[in-house]
Amino acid sequence: MKYNIPRGTFDILPKDSYKWQFLQDSFRKMATCFGYEEMTTPVFEVAELFERSSGESSDVVQKEMYRFQDKKGRKFALRPEGTAPVVRSYIENHLDKLSSRTKLFYLGPMFRYDRPQAGRYRQFYQYGIEFIGSNNPYYDAEVIAIAFLWLNKLGLNNLRLEINSVGCPACSAVYDNVLQEYYRPFLPKLCPDCMKRLETNPRRLLDCKVPSCIEFRKNAPSQMDYLDELCKKHFSAVCNYLQAMNITYTVNPGIVRGLDYYTNTAFEIIYEGLGAQNSLVGGGRYNGLIEQIGGKSIPAIGFAGGFERLLWALEEENIDLASAPKPDAYFVCVGENTRMQILPYLNALRIKGLFIDYDPDKNSLKAQLKAADASGAKYAIIIGENELAAKTVNLKNMQTGEQITIPMDAEQTIKRMRCF
RNA sequence: GUGGGUGUAGUUCAACGGCAGAGCACCGGAUUGUGGUUCCGGGCGUUGUGGGUUCAAAUCCCAUCACCCACCCCA
């Protein structure tokens, strides 16, 4: 084998393609029922868009972006996430002028230069929702509900919805200081990563998996206690809406999200049993982002989920989504002269929408019927010299083994197939 | 970027210093134009690649590449 697929990428082969298509269609339907419309943006954008939105210090920007320059030296990046491009388009196309609220969803590949492992790829496919135009906590709950209820509908019931509030920029700044104060005395005892985090991104300290660091977390101050009145009210309203929707959740102060643009609500939907990558969906509110990248100050909330992990979870649960369609009929042809002469009839059936399998490389009747059986076709349409002369065909029901002789006519064949 | 594991037929795996094999899948056949079960036949594969040790390497050693898993981070 001469060429290999690039590291961290994968081919979607036909047998899996049916599953992917099913999931994509299913997500489209769900989003549509909630009033969301599809938007598709390019897979690459000006690199600065991501640097500005995700934050210079974020891992995405620091080490995971695929950057390249075009012939004129313009700096682009393969999109590492979907929100910034959607917001860029929202601003650029003045969607805020069309309506006070904009409900969007997207599907497509994202790219991150990461070391691949189970459930993590360099090109991966996301589905996402963005609601732009209101700070009403109802919409926080609606966006969460779309993700949660859709996964439920697919058959995933052992999910954990974890939510948190990171507050507005004002209260999160206060909290960061409080956290730094709390952790500073333990500095020498922290793991090397956490030593760095203390200065660069103190909230990440709450996310550390090193046992000794987990100890310190127990008595750490909670963001909840440092939310201002408005943020507190917003958060409890979101919780109330979720309860009213019968969606159970747990509050997890460790949900802090990796990107800088999040404000207030942050959430994650977790499915245990996917190795180290158990997060199926992640999202949150980003009230400051639109202004930050050149638009007006407009509140928004959204989420993104990964198809690969979703597929994996569904597999773990033995949930069968979709498989290759079976032929309506298998075309069996015997004799010297038949091969040429049956073609108009064969094509007529196909044009009328039937899935007809046919393999001219198989010669004997036996071999062809064997293939018909293996294909799972409901019928075999058998034509030999005699039938050709009589302008008839034999329609055989592969389940019952019964066979009838009918005129060689597409219209009539279809009619007989319905009731035989 | 760091650590661990694995590379043998299309696939799942065996052979663990002495001629590279099996199941599944695939193809063909079992007397004239009717499938599923059964039976028979069909595989010379640079053992990921390149070096080294040895009379002899899939097997031991080194390097390299790829994949997998984990850290980090996230979908």
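So you know, we letter chains A, B, ... as the sequences are listed, proteins then strands, and number each from 1.
Judged by closest nucleotide on RNA chain B, A:V334 is the one of A:S279 and A:V334 placed further toward the 5' end. Where A:I383 and A:E308 each meet RNA chain B at their nearest nucleotide, the meeting point lying more 5' is that of A:I383.
Phosphate contact (OP1/OP2 of B:C67, side-chain N/O of A:R7, threshold under 4.0 Å): present.
Put simply, the residue from A:Y36, A:Y106, A:W150 that forms a ring-ring contact (aromatic ring centres under 6.0 Å, His included) with A:Y127 is A:W150.
Residue A:K366 contributes atom NZ, which lies 11 Å from atom P of B:G33 at whole-angstrom precision. Note: CZ (A:F50) to P (B:A75) measures 14 Å, nearest angstrom. Between the OH atom of A:Y125 and the P atom of B:C74 there is a distance of 23 Å, given to the nearest Å. For A:F10 and B:A66, the CZ to C1' distance is 18 Å, given to the nearest whole Å. Atom P of nucleotide B:C73 and atom OH of A:Y262 are separated by 16 Å, given to the nearest angstrom. At whole-Å resolution of the value, CD1 in A:I270 and P in B:C74 are 13 Å apart. Here B:C74 presents its P atom at 13 Å from CD of A:Q117, a figure rounded to the nearest Å. Rounded to a whole Å, the CG atom of A:D114 is 11 Å from the P atom of B:G1.
Residues A:R67 and A:E51 are paired through a salt bridge, judged by an N-O separation under 4.0 Å between the basic side chain and the carboxylate. Taking a cutoff of 4.0 Å between a charged side-chain nitrogen and a carboxylate oxygen, A:R88 and A:E45 qualify as a salt bridge. Comment: A:R160 does not engage A:E268 in a salt bridge, judged by the lack of any side-chain N to carboxylate O separation of less than 4.0 angstrom. The existence of a salt bridge linking A:R28 and A:D25 is confirmed by a sub-4.0 Å separation between a basic side-chain nitrogen and an acidic carboxylate oxygen.
Residue A:E387 has its side chain nearest to B:G33 when only B:A70, B:G33, B:A75 are considered. Distance from the side chain of A:R112 is smallest for B:A75 among the nucleotides B:G35, B:A75, B:G33. For A:L365, the side-chain atoms get nearest to B:U34 when compared with the rest of B:C71, B:U34, B:G35. Of the listed nucleotides (B:U34, B:G35, B:A70), B:U34 has the atom at the smallest distance from the side chain of A:I382. When the nucleotides B:G33, B:G36, B:C27 are ranked by their closest atom to the side chain of A:K362, B:C27 comes out on top.
For the C1' atom pair drawn from B:A66 and B:G50, the interatomic distance equals 15 Å after rounding to whole Å. Comparing B:C61 with B:G42, their P atoms sit 38 Å apart, to the nearest whole Å. Separation of the C1' atoms belonging to B:C13 and B:A20 is 13 Å when rounded to the nearest angstrom. With both ends at atom P, the span from B:A56 to B:G51 equals 16 Å, rounded to whole Å. One C1' atom belongs to B:C60, the other to B:C24, and the distance between them is 33 Å to the nearest Å. For the P atom pair drawn from B:U8 and B:G45, the interatomic distance equals 16 Å after rounding to whole Å. Distance check on atom C1': B:A30 versus B:U37 gives 14 Å, rounded to whole Å. Rounded to whole Å, the separation between the C1' atoms of B:G48 and B:A9 comes to 15 Å.
Taking only distance into account, the side chain of A:R309 meets the base of B:C74 through a donor-acceptor pair shorter than 3.5 Å. Evaluation of atom-type donor-acceptor distances gives a pair under 3.5 Å for the side chain of A:Q403 against the base of B:U34. Contact of A:Q399 with B:G35 (side chain to base): no donor-acceptor pair of N or O atoms is detected under 3.5 Å. In the interface, the side chain of A:R115 is not paired with the base of B:C73 through any donor and acceptor atom under 3.5 Å apart.
Base pairing in RNA chain B yields stems of at least 3 consecutive Watson-Crick or G-U pairs, both distances under 3.5 Å, namely B:1-7 with B:65-71, B:10-13 with B:21-24, B:26-30 with B:38-42, B:48-52 with B:60-64.
Between the side chains of A:N394 and A:E387, at least one donor N or O lies within less than 3.5 Å of an accepting N or O.
Counting any heavy atom pair closer than 4.0 Å across all strands shown, A:A372 reaches no nucleic acid atom. Among the atoms of the strands shown, none is found under 4.0 Å from any heavy atom of A:M110. Residue A:Y121 is classed as a base contact, given a heavy-atom separation below 4.0 Å to a base. Within 4.0 Å of A:G119, counting heavy atoms only, lies at least one base atom of the nucleic acid. A:Q368 comes within 4.0 angstrom of no nucleic acid atom, judged by non-hydrogen atoms across all strands. Across all strands shown, A:G335 has no heavy atoms under 4.0 Å from either base or sugar-phosphate atoms. Counting non-hydrogen atoms under 4.0 angstrom, A:V332 reaches nothing in the nucleic acid.
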Please test A:D359 against A:Q368 for side-chain hydrogen bond (donor to acceptor under 3.5 Å, both in side chains), starting from the C-alpha separation and ending with a verdict.
CA-CA 8 Å; A:D359 180 1; A:Q368 291 183 75; over 6 Å; no
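Proximity of the aromatic rings of A:Y125 and A:W20 is defined here by a centroid distance below 6.0 angstrom, and this criterion is met. Note: A:F44 and A:F68 meet the aromatic proximity criterion, with ring centroids under 6.0 Å apart.
When all heavy atoms of A:D140 and A:R285 are compared, the pair lying nearest together is OD1-NH2, 2.6 Å.
The aromatic ring of A:F124 sits over the base of B:A75, with ring centres less than 5.5 Å apart and planes tilted by under 30°.
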